[in-house]
Amino acid sequence: MDRDVRTVDDVLNLLDSLFAPDADRWTGGGADWWDGFYADRDKPVPFFVAKPDENLVSYVERGLIPAGGRALDLGCGPGRNSLYLASLGYDVDAVDLSPTAIAWAGERAGEAGAGNIRFTCGDAFKGAAPDGPYDLIYDSGCFHHLPPHRRVSYLALLERVLAPGGHFALTAFAAGEGGMGSELPDADFYKKGRLEGGLAYTEESLRAIFTDATKPNGPIGDGLTAIDLRRMRDEPAHSPAFGESFLWTALFRRA
């Protein structure tokens, strides 16, 4: 008989265990699945292209984020956004669960001569993310692969490493027409033991998660303010940027 739940981490780990082992995409146990996903570089996966997200480019061009500083790329995959940030002069820490993705990203960085990126393979929420503070935290497709309870870990990471005045930006599956991901209520994922390919979010839910979290007694006590929140723009094949409209894009600033 187990009675070993004593801490918040114990609760989070217990909730992790309610999912089928082969459904894991968010802990070190999911690394093998992601390795298989990234193994064939010729697969027609939209974000395998070596292009930055169009929203990230837009933030820079509109002056919404500084063109330089210290950045953390969460779930960096093959490193396309890390390379873009490095080209702007950012000092980049890039983290991913998959050794295969990290190896590919390292090759791209070598080819580009980008010496200002440090790639780390591991779980960003369990110590793999270096200490901050970061002027920018960027997440292109990591957040929607987390189960609901791991939002607690995510917000705790933002609280710990995002600098005062720093920016946090993400892309995530969009609920509704033309979107992607599962629109099941949070509780149903635990009943099914799977994330059904990833969680879809509405604009309202993203605002609630990241700005309501800044209310008194919230995990980010000094505040996140929404700066820009919209659907990603579709980008044609010849575009220098990546864009698919089934994603939300969001930019927040810490007080």
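All values below come from the heavy atoms of this structure, side chains included, with hydrogens, waters and symmetry mates left out.
- Counted by atom type alone, Asp135 and Tyr90 present zero donor-acceptor pairs between their side chains at under 3.5 Å.
- Evaluated for a side-chain contact (heavy atoms from CB on, under 4.5 Å) with Ser82, the options Val92, Asp93, Val95 yield exactly one hit, Val92.
- Counting only distance, with no hydrogens or angles, the side chain of His144 and the backbone of Ala200 share no donor-acceptor pair below 3.5 Å.
- By the rule that hydrophobic residues join a cluster once side-chain heavy atoms approach within less than 4.5 Å of another member, Met232 and Val60 end up as members of separate clusters.
- Counting only heavy atoms from C-beta outward, the side chains of Pro133 and Val161 never approach each other to under 4.5 Å.
- Not counting sequence neighbours, the partners of Lys126 by the side chain to side chain contact (heavy atoms under 4.5 Å, CB included) test are Asn13, Asp16, Asp123, Arg150.
- When all heavy atoms of Asp91 and Arg118 are compared, the closest pair comes out as OD1-NH1, 3.0 Å.
- Residues satisfying the side-chain hydrogen bond (donor to acceptor under 3.5 Å, both in side chains) criterion with Arg80, sequence neighbours excluded, are Asp53, Ser140.
- Between Leu158 and Ile137, the closest side-chain pair of non-hydrogen atoms falls below 4.5 Å.
- Residue pairs satisfying the salt bridge (Lys or Arg N to Asp or Glu O under 4.0 Å) criterion with at least one member in residues 225-244, sequence neighbours excluded, are listed as follows: Glu54-Arg230, Glu54-Arg233, Arg62-Asp228, Asp228-Arg230.
- The cationic group of Arg25 does not satisfy the cation-pi geometry with Trp34, failing either the under 6.0 Å distance to the six-membered ring centre or the 45° limit from the ring axis.
- In this structure, Leu251 and Leu64 have side chains that are in contact, with non-hydrogen atoms separated by less than 4.5 Å.
- Looking only at side-chain heavy atoms (C-beta outward), Thr225 and Arg254 stay at 4.5 Å or farther from each other.
- Residue Tyr138 is not grouped with residue Tyr134 when hydrophobic side chains (ILVMFWY) are merged at heavy-atom distances under 4.5 angstrom, including chains of intermediate members.
- Residue pairs meeting the ring pair (Phe, Tyr, Trp, His ring centres under 6.0 Å) criterion with at least one member in residues 182-201, sequence neighbours excluded, are Phe19-Tyr190, Phe143-Tyr201, His149-Tyr190.
- Residues Pro52 and Pro240 approach most closely at CD-O, 3.5 Å, considering heavy atoms.
- Minimum heavy-atom separation, Leu74 to Ala124: CD2-CB, 3.7 Å.
- Between atom CG of residue Leu199 and atom OG of residue Ser182 there is a gap of 6.5 Å, rounded to the nearest 0.5 Å.
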Which atom pairs, one a donor and one an acceptor, fall under 3.5 Å between side chains of residues 100-110 and the rest of the protein, sequence neighbours left out?
residue	atom	partner	partner atom	Å
Thr100	OG1	Asp35	OD1	3.0
Glu107	OE1	Arg41	NH1	2.9
Glu107	OE1	Arg41	NH2	3.4
Glu107	OE2	Arg41	NH2	3.2
Arg108	NH1	Pro78	O	3.4
Arg108	NH2	Phe48	O	2.6

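- Hydrophobic clustering places Phe37 together with Val49 (ILVMFWY residues linked when any side-chain heavy atoms are closer than 4.5 Å, directly or through intermediates).
- A donor-acceptor pair is defined here as one N or O able to donate and one able to accept, closer than 3.5 Å; such a pair exists between the side chain of Asn116 and the backbone of Ala86.
- Linking Ile, Leu, Val, Met, Phe, Trp and Tyr whenever their side-chain heavy atoms come within less than 4.5 Å leaves Leu229 and Leu56 in two separate clusters.
- The two residues Ala226 and Thr211 make their nearest non-hydrogen contact at N-CG2, 4.1 Å.
- Expressed to the nearest 0.5 Å, how far CG of Leu206 lies from CG of Leu170 amounts to 6.0 Å.
- A search for side chain to side chain contact (heavy atoms under 4.5 Å, CB included) contacts involving Val11 returns Val5, Leu15, not counting sequence neighbours.
- Asp4 pairs by the side chain to side chain contact (heavy atoms under 4.5 Å, CB included) definition with Asp2, Arg6, not counting sequence neighbours.
- The distance from atom CG of Leu155 to atom CZ of Phe168, rounded to the nearest 0.5 Å, is 8.0 Å.
- Residues passing the side chain to side chain contact (heavy atoms under 4.5 Å, CB included) test with Pro236 are His238, Ser239, sequence neighbours excluded.
- The minimum heavy-atom distance between Val57 and Ala241, with the atom names listed, is CG2-CB, 4.5 Å.
- Leu136 and Ile227 fall within the same hydrophobic cluster, where Ile, Leu, Val, Met, Phe, Trp and Tyr residues are linked whenever their side-chain heavy atoms come under 4.5 Å apart, directly or through other members.
- The list of salt bridge (Lys or Arg N to Asp or Glu O under 4.0 Å) pairs with a residue in residues 171-188, not counting sequence neighbours, reads Arg151-Asp186, Asp188-Lys191.
- Relative orientation of the Phe47 and Phe242 rings is perpendicular, given thresholds of 30° and 60° on the angle between their planes.
- For Glu203, the side-chain hydrogen bond (donor to acceptor under 3.5 Å, both in side chains) partners two or more places apart in sequence, or in a different chain, are Arg207.
- Side-chain atoms of Asp139 and Tyr154, non-hydrogen and from C-beta on, do get closer than 4.5 Å to each other.
- Shown here for Thr27 and Leu97, the closest heavy-atom pair between the two residues is O-CD1, 3.3 Å.
- Shown here are the side-chain hydrogen bond (donor to acceptor under 3.5 Å, both in side chains) partners of Arg253, two or more places apart in sequence or in another chain: there are none.
- Donor-acceptor pairing under 3.5 Å is lacking for the side chains of Ser58 and Asn55.
- Residues satisfying the side-chain hydrogen bond (donor to acceptor under 3.5 Å, both in side chains) criterion with Ser17, sequence neighbours excluded, are absent altogether.
- Between the Asp24 side chain and the Trp26 main chain, a donor and an acceptor come within less than 3.5 Å of each other.
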